[in-house]
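Before any comments, here is the structure.
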Amino acid sequence: MARSDEAAAFFHAVYSAVQEIPHGKVTSYGHIAKLVGTPQRPRQVGVCLKHLPSDPDARFNHTNVPWQRVINAKGIISPRSQPSGSLNQAAELEAEGVTVTTGALGELMVDFAEFGWFPNILPSEAAQGAVPEDDDDDDDDSES
DNA sequence: AGCATGACGGTTA
DNA sequence: TTAACCGCCATGC
């Protein structure tokens with residue numbers, strides 16, 4: 001099995017997982033990594049989004065994949081090479097009703113307690129590991 | 001061919 | 001408590 005295929009599968013899994021993020025909610029790279037079954041590679045998740053195709057004809061692209069709903073575990077929009085990108089991401093999130101606050105150093109923060117989306121691992125993953133204990137989840141989407 | 005980088009996260013000092 | 005280090009691996013040079 002070629003690694004290329006595995007890499008492609010990884011990209012596919014990541015994009016699919018990101019699409020599961022509800023409108024107006026955000027999650028972290030690490031959580032996506034867990035969802036796809038590779039909790040040790042949150043970095044690669046970022047790579048996937050970085051290379052997310054803009055081609056509207058592609059199966060996954062900026063239009064059908066809510067890449068903006070993915071931030072780092074600190075609840076901050078990961079600053080990348082192009083500052084405009086992070087600012088754009090913040091704008092996109094606010095457009096969905098997500099409140100983004102700016103720190104003293106200009107870091108764009110999102111309150112996980114308010115907009116965080118951290119569901120349990122996908123059934124397919126749970127079936128393999130059969131986790132005996134379930135971590136507490138507080139997905140309280142009690143807003144209309 | 002190989003080396004440096006990076007949209008991260010957890011662990012160690 | 002905060003700061004630094006390591007792992008992970010696709011992409012870019």
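Each chain gets a letter, A, B and so on, in the order the sequences are listed, and its residues count up from 1.
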Could you list the donor-acceptor pairs under 3.5 angstrom formed by side chains in residues 99-109 of chain A, with sequence neighbours left out?
residue	atom	partner	partner atom	Å
A:Thr101	OG1	A:Met109	O	3.4
A:Glu107	OE1	A:Leu105	N	3.4

### Message
Quick test of your reading: applying ring-ring contact (aromatic ring centres under 6.0 Å, His included), list the pairs with at least one residue in residues 68-105 of chain A, sequence neighbours left out, ordered by first then second residue.
### Response
none
### Query
When you compare B:dA7 with C:dA3, how far apart are their C1' atoms, in angstrom units rounded to a whole number?
22 Å
### Message
Using the side-chain contact (heavy atoms from CB on, under 4.5 Å) criterion, which residues pair with A:Lys50? Sequence neighbours excluded.
### Response
none
### Task
Under the side chain to side chain donor-acceptor pair (under 3.5 Å) rule, collect the residues that match up with A:Glu94, sequence neighbours excluded.
none
#### Entry: Selection: residues 44-70 of chain A, any non-hydrogen atom under 4.0 Å of DNA chain C
A:Gln44, A:His51
### Task
Report the residues that fulfil ring-ring contact (aromatic ring centres under 6.0 Å, His included) with A:Phe60, sequence neighbours left out, ordered by chain and then residue number.
A:His12, A:Tyr15
### Query
By side chain to side chain donor-acceptor pair (under 3.5 Å), which residues pair with A:His23, not counting sequence neighbours?
A:Arg69
### Query
Who are the side-chain contact (heavy atoms from CB on, under 4.5 Å) partners of A:Ala58, not counting sequence neighbours?
A:Pro53, A:Asp55
#### Entry: For A:Leu49 against A:Tyr29, the heavy-atom pair lying closest together
CD1-CE2, 3.8 Å
### Task
Name the first nucleotide and the last nucleotide along DNA chain B (5' to 3') that come under 4.0 Å of a heavy atom in chain A.
B:dG6 to B:dG9
### Query
Quick one: side-chain contact (heavy atoms from CB on, under 4.5 Å) partners of A:Pro22, sequence neighbours excluded?
A:Lys25, A:Trp117
### Task
Pick base, sugar-phosphate or nothing for A:Thr38, based on heavy-atom distances below 4.0 Å to the nucleic acid.
nothing
## Note on the structure
Contacts of A:Ala13 meeting side-chain contact (heavy atoms from CB on, under 4.5 Å) (sequence neighbours excluded), chain-then-number -> A:Val36
## Note on the structure
Numerically ordered, the residues 97-107 of chain A set in heavy-atom contact under 4.0 Å with DNA chain B is none
### Query
Under 4.0 angstrom, heavy atoms only, what part of the nucleic acid is A:Pro39 near: base, sugar-phosphate, or nothing?
nothing
